[in-house]
2 protein chains.
Amino acid sequence: MKRKITLKHIARELEVSISTVSKALNNSSEISRDTKDKIQAFAKLYNYKPNNIAVSLKNKRTKNIGVIIPDIVHHFFTTVFRGIEQYANQHGYNVIVCVSDESFDREVINMEMLANGSIDGFIMALAGETQLKKDFNHLKEVTEQGIPLVLFDRVTDEIRCDKVVLNDAEIAYEATDSLIAEGRKRIALLTTDNFFSVSSSRELGYRKALEEHHISIDEQLILRLPYNEDVNGIESFLVANNIDAILSVNEIFAIHCMGLVQKMGLKIPEDISVIGFTDGILSKYSEPKLTTVAQHGDKMGEVAAKLLIEKIENDFDEEEEVFSTEVISATIIRRESTIN
Amino acid sequence: MKRKITLKHIARELEVSISTVSKALNNSSEISRDTKDKIQAFAKLYNYKPNNIAVSLKNKRTKNIGVIIPDIVHHFFTTVFRGIEQYANQHGYNVIVCVSDESFDREVINMEMLANGSIDGFIMALAGETQLKKDFNHLKEVTEQGIPLVLFDRVTDEIRCDKVVLNDAEIAYEATDSLIAEGRKRIALLTTDNFFSVSSSRELGYRKALEEHHISIDEQLILRLPYNEDVNGIESFLVANNIDAILSVNEIFAIHCMGLVQKMGLKIPEDISVIGFTDGILSKYSEPKLTTVAQHGDKMGEVAAKLLIEKIENDFDEEEEVFSTEVISATIIRRESTIN
DNA sequence: TATTAACACGAAAACGGTTTCGCTATTTTC
DNA sequence: GAAAATAGCGAAACCGTTTTCGTGTTAATA
């Protein structure tokens, strides 16, 4: 087992000082061509690589970014993560992921673990519990320490930081509008407990579209389900109400609906149109294929990483921080579950 | 912006030495009750937390583990990751994830980035390209440096290290066997280019089951598709061959098959039985619901993390390393695409 | 009372780098 | 040829911890 070689070893071996070795390897102009060549050759030969930890301690830069997400076995979050990871890697950053599992406590613990020097900044989507409790002190503490933070998707107004969100309300409006354009009158909304910022935004868009078309809003047509995949209750909802279209805030609810609707002997899209959120694997392989709104998670992750890294690398200029909120434009992927 | 407080600050403020502060906070018996109380109270008041980087540098322990996987937007890998992350977190470790995207080069680069002090050990599944090239020097280098490594799912015999694998051959045997028990005679195998270790293991099991039941193997019934989701070629394969059952090495191929089969006017499972691999979201929501082999990714990740952390924390005893290969038992989840 | 042991703490080295500063020897400038 | 500039390198501080070792004070022992 050959241990990693350090500056000290090289210095001893070549009978120069550690400073000289360090400078030579960083191509400093202080060092002569000759010694530089000699040292660099030796370093290459023995495959010298600087110890990340030591460098981090010295420069107070870890080149790590911390990502805290509520769930990892989840299409949208994984695509966002992929976007983050790609951009980060291209810019020399590594990504530490923690999963809050929708738990406030785990979110807090994870942040605290990482906030003590392990990372240069955070990217996160709030846990469900956190949005419910509205307790954001852990976020405040972190930002007050000067650690950059970017929130995406599940955000809050109570924290001043960069944000990346989807135009949830608008795309829900657009989706609802397109259902109305198909002649649908009784459009159901399948959503979650609406302490989720995204769910309530989507509901807003839904309501606005109906109102603008002077369709009175029937609160019976709005079904709120718990966030987990507990999908019971959809069936009785469907049989109880005379529905001709469904807008679902996620893929699972939508697919499940389609199954039930078909079992009831109704045809999609002839009798009922369905639009979901999240352009995941289910939407592509369902029967019929689901019309859905693509959230462009990759893009969202990329933008989040970009914002964060800019903040990290410019944090020398303390000129009264200015925060931006980037809006990612969702698009509706038209497939077979709608007429248009 | 209040910067983080250090031992030095506490020492200055309380007019003691840094060593005393350090010892007091670590509850050393060298320090008197009085001073300990004083220092601990002060530390709590100012919310002192030791700097992870400095601690890492000192102890040569980062409490980070590096995970390198081929893909993250992929059900199986995310479940494994969840298993890893949970176990790791419970034991005070954080997880740095890198995605190789099936690329050999990215795998190498990622390993090198992390191997210079950032992590205490690796958990990885080999990139497709790596399995194709059979070039494992980057793994060798890492293990020779004494960095513990655990390989899962996509493994190789050429590296001596801990491994966690599925009983792929056996479960494929079992699945094939159960199809034969249904009376199926012409069982197709949908697989990938078989440089993937898992694919070839599964093929082995498939062949063994047929042989044992004296069903001659028709090579025409084995369709090899590229690993990406390029699903063309399945249709012509299905129409060209007279098939009564399908074993697919993944979920996507299986679901796609089911769609095509149904379009051809055949019934599942009456005319054709289908068994897939990966108990993902698709299997649960397809029509009919897919019988599939559950790989228990969570368990696999947990075991991998357990093996790794044990190696990390016991690496003081250099008593001629002994490596184990843990086998996770897959189970067949019986749903609607098979008769039994 | 002299010797030893226990106690409580500080100085300093170490982890592995980067960087400032100072020193010597050579080269340039006038 | 003397003064000044420059080239090339090393010593040492520093990042924030942990840990070994030494030291002065007090308490226990003979």
Side-chain angles (χ1 to χ4, degrees), chain A residues 3-40 42-43 46-64 113 115-120 145-146 316, chain B residues 3-40 42-43 46-64 113-120 145-147 316:
Chain A
R3 281 240 72 75
K4 287 240 104 179
I5 190 175
T6 70
L7 288 186
K8 197 191 282 190
H9 297 133
I10 303 184
R12 228 199 306 269
E13 211 64 29
L14 262 40
E15 298 182 309
V16 292
S17 76
I18 293 181
S19 350
T20 304
V21 178
S22 174
K23 287 170 189 166
L25 294 177
N26 290 321
N27 231 321
S28 158
S29 59
E30 281 186 54
I31 308 297
S32 72
R33 196 59 276 156
D34 278 2
T35 24
K36 267 202 262 192
D37 287 346
K38 188 177 60 173
I39 292 175
Q40 287 170 0
F42 188 92
Y46 286 93
N47 193 28
Y48 169 81
K49 297 276 167 49
N51 179 315
N52 291 334
I53 299 294
V55 175
S56 294
L57 180 58
K58 184 67 212 188
N59 327 331
K60 291 157 164 283
R61 283 281 158 80
T62 62
K63 288 277 189 175
N64 285 154
M113 279 196 70
N116 297 309
S118 297
I119 50 94
D120 295 338
Q145 280 172 34
F316 53 85
Chain B
R3 278 240 74 73
K4 286 241 105 178
I5 189 175
T6 70
L7 289 186
K8 198 191 282 190
H9 296 133
I10 302 185
R12 228 198 308 269
E13 211 64 29
L14 262 40
E15 299 182 310
V16 292
S17 77
I18 293 180
S19 349
T20 304
V21 179
S22 173
K23 287 170 190 167
L25 293 178
N26 291 320
N27 230 322
S28 159
S29 59
E30 282 187 52
I31 307 298
S32 71
R33 195 62 273 158
D34 278 4
T35 25
K36 269 201 258 188
D37 286 347
K38 187 177 61 175
I39 292 175
Q40 287 171 0
F42 188 92
Y46 286 93
N47 193 30
Y48 169 81
K49 297 277 168 49
N51 179 315
N52 291 334
I53 298 295
V55 175
S56 295
L57 180 59
K58 184 68 212 187
N59 325 334
K60 293 161 161 282
R61 283 282 157 81
T62 62
K63 289 275 189 175
N64 286 154
M113 279 195 71
L114 297 182
N116 297 308
S118 297
I119 50 93
D120 295 339
Q145 279 172 35
I147 303 179
F316 52 85

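The sequence lines fix the lettering, A, B, ..., with proteins before strands; numbering per chain opens at 1.
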**Prompt:** Given atom NE2 of B/H9 and atom P of D/dG16, what is their separation to the nearest angstrom?
**Reply:** 7 Å

**Whole angstrom value for the distance that separates P of D/dC15 from CG of A/N51** = 18 Å

**Message:** Whole angstroms only, please: what is the CD1-C1' distance between A/I10 and C/dT18?
**Reply:** 15 Å

**Request:** Indicate, yes or no, whether a donor-acceptor pair under 3.5 Å links the base of D/dA11 to the side chain of A/S17.
**Result:** no

**Complete:** Output for pair (B/T35 OG1, B/L14 CG), nearest 0.5 Å, gives 9.5 Å

**Asked** CD1 of A/I18 versus C1' of D/dG10: gap in Å, rounded?
**Response** 11 Å

**Message:** Below the 4.0 Å mark, does C/dG16 have OP1 or OP2 next to a side-chain nitrogen or oxygen of B/K60?
**Reply:** yes

**Asked** Within this structure, what is the CD-to-P distance between B/E15 and C/dC9, rounded to whole angstrom?
**Response** 14 Å

**Message:** Whole angstroms only, please: what is the CG-P distance between B/L57 and D/dT19?
**Reply:** 13 Å

**Request:** Ignoring backbone atoms, establish whether A/Y48 has a side-chain N or O less than 4.0 Å from OP1 or OP2 of C/dG17.
**Result:** yes

**Message:** Under a 3.5 Å threshold, yes or no: a donor from one side chain and an acceptor from the other, between A/T20 and A/S17?
**Reply:** yes

**Message:** Can you list, in residue-number order, the parts of residues 21-32 of chain B that come under 4.0 Å of DNA chain D, counting heavy atoms only?
**Reply:** B/S22, B/K23, B/N26, B/E30

**Message:** Are the side chains of A/Q40 and A/N27 in contact, using a 4.5 Å heavy-atom criterion?
**Reply:** yes

**Prompt:** Could you give the CG-to-C1' distance, from B/N59 to D/dT17, as a whole number of Å?
**Reply:** 8 Å

**Donor-acceptor pair under 3.5 Å, B/K58 side chain vs D/dT18 base** = yes

**Asked** Once you round it to whole Å, what is the distance between P of C/dC9 and CZ of B/R33?
**Response** 11 Å

**Prompt:** What is the nucleic acid contact for A/S56, judged by heavy atoms within less than 4.0 Å: base, sugar-phosphate only, or nothing?
**Reply:** nothing

**Prompt:** Taking C-beta and beyond as the side chain, do A/R3 and B/Q145 meet within less than 4.5 Å on heavy atoms?
**Reply:** no

**Asked** Do NZ/NE/NH1/NH2 and the carboxylate oxygens of A/D34 and A/K38 come within less than 4.0 Å?
**Response** no

**Message:** Distance alone, cut at 3.5 Å: any donor-acceptor contact between the side chains of B/K4 and B/N51?
**Reply:** no

**Message:** Please give me the minimum heavy-atom distance between A/I5 and A/I10, naming the atom from each residue.
**Reply:** CD1-CG1, 4.0 Å

